[in-house]
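First comes the structure, then the notes that go with it.
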Amino acid sequence: MDDKVSIFRKYRNILVAVILFVTADALVIGINFYNTYRSDESGVSINLSGRQRMLSQRTTKVLLTLNEALNNDDESIIKANVKELSLAVGLFDTTLEGFRDGKIVTGGDMKPVFLVKVNTEKSVDFVKNTYGIWDFYKRLLKGLYVPLPEGYIPVAGGKKVGEVTDDEIMESVRFIKSNPERLYAAALYAQRNNLKILGFMNDLTTDLEFVNNERAAKLRIVLVAGIIFAVMNFGYTVVVSIRDLMKTDAELAKARGETVEILSTVREGLFLLDKEKKIGTQFSESLPVILRRDIQPGSNFLTHLEAIAPKNIYESAVDYIELLLGDRVKEALVASLNPLTNVPVIATDVLGSAQTRYLSFFFNRVLQDDVISHLLVTVQDVTDKVVLSQQVEQAKNLAKTEIETLLRLASGDFASLQQFIAATGESLAQINEKLSVPHDDVRERLHTLNYIMRVVHGIKGEAAVLGIDVLESYAHECEKEMVTMRESGDSLSGDQMLRIAVLLEGFYQRHSSLAQVVSRLGDALGKTQPQSAAETGASTHPFVGHVSSLAERIATDNGKQIEISCQFEKLFSLPSHVVQELQGISVQLVRNAVTHGIETPQERASRNKPQSGALCLWCEYLGNGQYDFTVRDDGRGIVPARLREHFVKNGTLSASEASTLNDNEIANRLFMPGVSTAQTANKDAGHGIGLDAVLEKVNKMGWHLLVKSRANRYTEFHIQFNTTS
Amino acid sequence: MNNNIDEKDILTFVDAVSGFFFQVTQEKVEIKAAYLTEGGMVPSTYDLTSYITLSGDYVGRIYFSAPRSMVAHLLMAMGEQNRLEDRLLDATGEIANTISGNARKHFGETMEVSVPTTQATDANWLKSVVPPHSYVILVKWKQYRASVVVDIQRVV
Amino acid sequence: MKLLIVDDSALIRSRISRILDDPRLNLIQVAGMAKNGMEAITMFLQHMPELVTMDITMPEMDGIDCTEKMITIRPDCNILVISALSDKATALKALKKGARGFLYKPFSDEDLIAAFLELTSP
C-alpha cells in the first residue's frame, strides 16, 4: 500500500476547498483593489468637473471686473485681474482637454493629477458641447490673459498654471488698454454663455457621479458575492472535513474493533516485537495463557523467554531474533534455524506441580517502507503434538523390536528363541517367588537382591547372544538400578523391594510381548517345535554363530581385537537342557574373557603377543559319560597379587585382610557376589555379577568348575559334567 | 509400557495403611515383601478384607486384607471397648477409606473411587478375584501380617 | 553472477554445480570450487564472486571463519551456508558473521534452486 497516495485521497476534498477559498479571496481582493483605484479616478473627475463650473463663473466675474477697472483706468486692479484670468483660463482649458483626451492636469491642490477621459456617451456629448462654446470664447480671450505654452503638461516642481511674470501681465494690460472692444466682446460673450457652460459642467458632474455610484454598487455586489462565496466555501470545507473525519474515525474504530476481536479470539499468542525486543501494546489474550506469565505491553520479550526456556535455546534465540531484525539475512533462508520450535518449558500448574510443555514461536518480519520495523511473533502450545510424535516414535521403536525379532526368526534360529523365552519365563517366576518370601531384615533383602541380580544378568547374557535388544537393554537398566540399591547396603528397605517388583513387572511385560510375537510368527512359519541339528542338517552348532557375534561385539565395544574358534560338535549329542545351561554359562565366561582377560592391542604388542587375542571354546567327550566344556583366553591370566591390590583399592578387602588370605582364597573371591575387576561399568562387565552366577549354575546342575591360569599367558574355565548320572 | 504404574503410585496405598496405623499407635507398618500375582502367586486371604474400586484415568481395585487379631488389636489401641464383628469390619473399611483418600490426592480429582466394600473372607477369596500382574505387598504391624493388593491399570 | 562452491565433499560440490544447469538459474556461473577454507579464500580473491555456498565443517579453516573473511573482503557478497549441522547455534554463528541464509543437508534440487532464487532476489 502506498501511503502518499492514500493521504492525498484522504485529504483531496479539503485540499480542493482550500484552493477555491484562496482563489476566491484573491479575486475579491483584486476586484476590490481595482475598484478602489477606479473610484479615486472618479473622485478626481467629479472634483475637477465641479472646479470647471467655478472657473467658468470666475472667468465671467474677472471679465466684468476688468471692464469696470478699464473704465476707471485703475491699472493695479487690471493687473491683478489679468493674473487671475490667466490662472482661470489656463486651468479651465487644460482640464477640459483632460476630460476630452485623458491627460495629466493640475489638480485641486495645484499638484499634477491624471484625469481620465470621459467615456459615457452623455459625458462625451457634454464635453463636445462645451467645446462648441469654449473654442470661440478662447479666441475672444486671446491677448487678454497670459496663455500657457503650447502642449503644457504640469509636472511636479515644474511651472504651475497661473505662474506669470509682471512683463507678461504688462503686455496683456497694454493689449487691453489699446483694444478695449476685445474686452468688451469677451465680457459680453461670457455673460451670454456662462450659464450654458455651467449647465454642461453640471451635467457632466452629475453623469460622472452617476457612473461612480453605479461602480460602487457593482463593487458592493462583488464584495457581497465574494463574502457569500467565502462563507459557503468555509461551510463546505467544514462539512466535508467533518464527514471525512467521521468516516475515517468509523473505519478506524471498525478496524480497531476487528483487531481487538481477532486478538481476543485467536488461540495462538500473537504480538509485535520491536527492535528493542519489546512486546507491542496489543497482543492476543492467549499470549499470557500460553506463556503462563503476566505480560505487560512494552515489557521485554527476552526476559520472559529467559525465564521459561532452557539456557542454550534462549541464547540461540537471542541471536536468531537479532538476525531477523537486521537486514543481512534472508528471512526465507533462515526459517529452518529457528531455535524456538518445540521448546520444552517447565511450568507449574495450578496445583503447583511442575510439568513440561512444548511451545513453538514463529517470527515474521513486518516491513514499513521496505524497512524492517517489527517482528510478528506467533506462539503455539504444541505439547499435544510433541507428545503424540514421541508416542509415535515409541511405537515405531516397538515395531522395530518386533521386526528385529522377526529377522532373527527368519534367520532360522527359532528353536533357541523358543528355549530362551521359556527359560526366561521360568527365571522371572523364580525371581517373583523369592520376592514373595517375607524378608525380615536387610541381610535377607540383600541376599535376595544378589540372587535376582544373578538371574537378571543371565537373562541379559542370553538376550545378547540372541540379539534381543529389547530384553538385553532392559536387563541392563535393571542391573544398573539394582547395583545402586546394593550400594545403599544397610539401608536397603522394603520400599526398594517394591521397586524390584515394579522392575519385574516391566520384565514380564517385555517377555510377554516377545513371547506373543514369537508364538504368532512361529504359528505362521509352522515352526512350533524346536528343531534338532539332525533335522536342519547343520554341521555347525548354531551356538557357534551366537557366541562368535557376541564376542566380536564385546571386543569392538571395549576396543579389543579377538579371534574366536569353537569346537561344538559334541553339543549335538547332549540333551537340550544341558546345552542350554552350557550356553548360559559360556556367555558369561566369554564376557569375562574379553573384558577382563584379553588385553588391548597396545598392551598385547608390548608383551610380544599378537594384537588379536585368541578365544577358544570347546566341548570334549572324556569317556564314561564324562564331558569337559572349556572357555580359554590367552590374556592376562588370573594373578593373585594383582587381585589383592585391586580388592584393597576398591574397598572389597582391607589391607590386612588381603595380606592374611592366601592366593587360592584371593582367587575364590572372584566367585563371590559383587566382585568385578573392570575399571568402569558397562553393559558387558563391571557390575560384579558374573562368576558368582556361573558358580551357582554349575552347583545347581551338580557339575564341577575348574580354573587354570598362568600370568600373562592364559585362563581356562573347565566345566565338567557327567550325562549318565 | 501398557501399565504406567510405578512404585510411587503403589506406595501411596501402602503409605495410607501405614499412616493409619501410625496415627493410632505411633507404630509404622513395615513392608516385608513385594511381588506379583504372576503365575497364580496370589497370597492367602486374611479374615477381613476391604476393597475400593477405581475408575477414571485408572481402573482396578485396591484390597486390604488383615487377620481379625490385628484389627482387634488396632481397636484396642484406639480405646474401643466393643470388638464385635461389625466393629472389626468398620475398622477394616476405615483403612480402605484412608487408601481411597490418599489415592485421590495422589492421582488427582479425575480418579473416581467407590466406597469401600468390607467382608469376612476365607483363605482363597483373593485367588478368586485378583488377576495376574497385580502387586502384592506384604506388611507387618507389631507381630501381625497383612496384605495390600494393588490391581490397577492406566486407561490410555 | 559468479558462484564459488565451498565444500569438502566432492559429491556435494558436483551436485550443486549440476543443479545450476536448471534454466531458472542461468544467470549463475560457477567460478570455482574449493574443498577447504584456505582454498576458498584464494579463489574468492581471484574471482570476487557475488555468490558463495559454504560448508561449515571443513579441514583447514572452517566455514564460519571463512565466511567472516569473505565478508571483510567483499561485504555485499551473498553467502549461503549449506550444512548437515544439527546444532542450530553453530549455524547461527555463521549467519552472525554475515551469511545470508542457511540450507540443511541433505537437500533436494528444488530446495537448492529455491534458495538460490531467494538469495539473488533484491
Side-chain angles (χ1 to χ4, degrees), chain A residues 2 273 275 277 301-302 305-306 308-345 358-372 375 377 379-380 382 386 389-390 393, chain C residues 1 3 16 19 24-25 28 50-56 63-64 67-68 70-108 110-122:
Chain A
D2 192 338
L273 192 63
K275 296 219 165 191
K277 331 288 185 293
F301 171 63
L302 295 182
L305 188 61
E306 191 174 15
I308 57 172
K311 192 163 175 286
N312 58 335
I313 293 181
Y314 164 75
E315 282 165 359
S316 290
V318 171
D319 287 348
Y320 181 71
I321 291 169
E322 198 60 56
L323 282 167
L324 275 185
L325 281 170
D327 54 6
R328 180 81 204 168
V329 300
K330 299 272 185 182
E331 186 175 8
L333 290 179
V334 294
S336 64
L337 290 181
N338 179 5
L340 293 177
T341 52
N342 301 346
V343 186
V345 297
Y358 294 87
L359 301 182
S360 282
F361 297 75
F362 302 100
F363 299 86
N364 293 95
R365 279 175 175 167
V366 178
L367 301 179
Q368 253 172 27
D369 299 334
D370 285 340
V371 176
I372 299 156
L375 295 181
V377 188
V379 194
Q380 286 177 332
V382 291
V386 171
S389 67
Q390 281 172 351
E393 193 57 31
Chain C
M1 270 186 279
L3 167 71
I16 295 173
I19 291 171
R24 282 169 287 176
L25 303 178
I28 303 173
E50 293 90 346
L51 295 172
V52 177
T53 69
M54 177 72 67
D55 190 13
I56 290 200
I64 294 168
T67 298
E68 188 176 19
M70 287 181 180
I71 292 296
T72 320
I73 298 166
R74 180 171 179 170
D76 66 337
C77 176
N78 293 298
I79 300 177
L80 177 68
V81 175
I82 302 182
S83 175
L85 279 185
S86 53
D87 174 16
K88 288 179 180 179
T90 311
L92 283 169
K93 222 187 268 175
L95 294 178
K96 276 165 84 181
K97 300 288 186 194
R100 295 263 192 210
F102 182 86
L103 187 64
Y104 270 113
K105 273 187 208 170
F107 50 84
S108 71
E110 277 308 312
D111 290 341
L112 187 69
I113 291 170
F116 271 126
L117 292 176
E118 179 70 28
L119 203 62
T120 53
S121 71

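The chains referred to below are lettered A, B, ... by the order of the sequence lines, with proteins before strands, and numbering in each begins at 1. For the numbers below, each heavy atom of this structure counts, side chains included, while hydrogens, waters and symmetry mates do not. No experiment lies behind these values; they were computed from the predicted model shown.
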- Message: Looking at Lys277(A), I want to see if its NZ is surrounded by more than 12 non-hydrogen atoms of other residues, nucleotides or ligands under 6.0 Å.
- Response: yes
- Counting only heavy atoms not in Asp76(C), do more than 12 fall under 6.0 Å of its CG? yes
Indicate the atoms forming the closest heavy-atom contact of [X] with [Y], along with that distance.
X: Arg100(C); Y: Asp327(A); value: NH1-O, 3.9 Å
X: Ser316(A); Y: Leu92(C); value: O-CD1, 3.3 Å
X: Val334(A); Y: Gly101(C); value: CG1-CA, 4.0 Å
X: Ala332(A); Y: Glu118(C); value: CB-CD, 3.8 Å
X: Ala99(C); Y: Val329(A); value: O-CG1, 3.3 Å
X: Phe102(C); Y: Ser336(A); value: CD2-OG, 3.8 Å

Using non-hydrogen atoms and a 4.5 Å limit, figure out which bit of [X] sits close to chain A: side chain, backbone, both or neither.
X: Ile71(C); value: side chain
X: Ile79(C); value: neither
X: Ala114(C); value: neither

- Note on the structure: Bottom line for Asn312(A): the part with an atom under 4.5 Å from chain C's heavy atoms is neither
- CG of Asn78(C) to NZ of Lys330(A), rounded to nearest 0.5 Å, is 6.5 Å
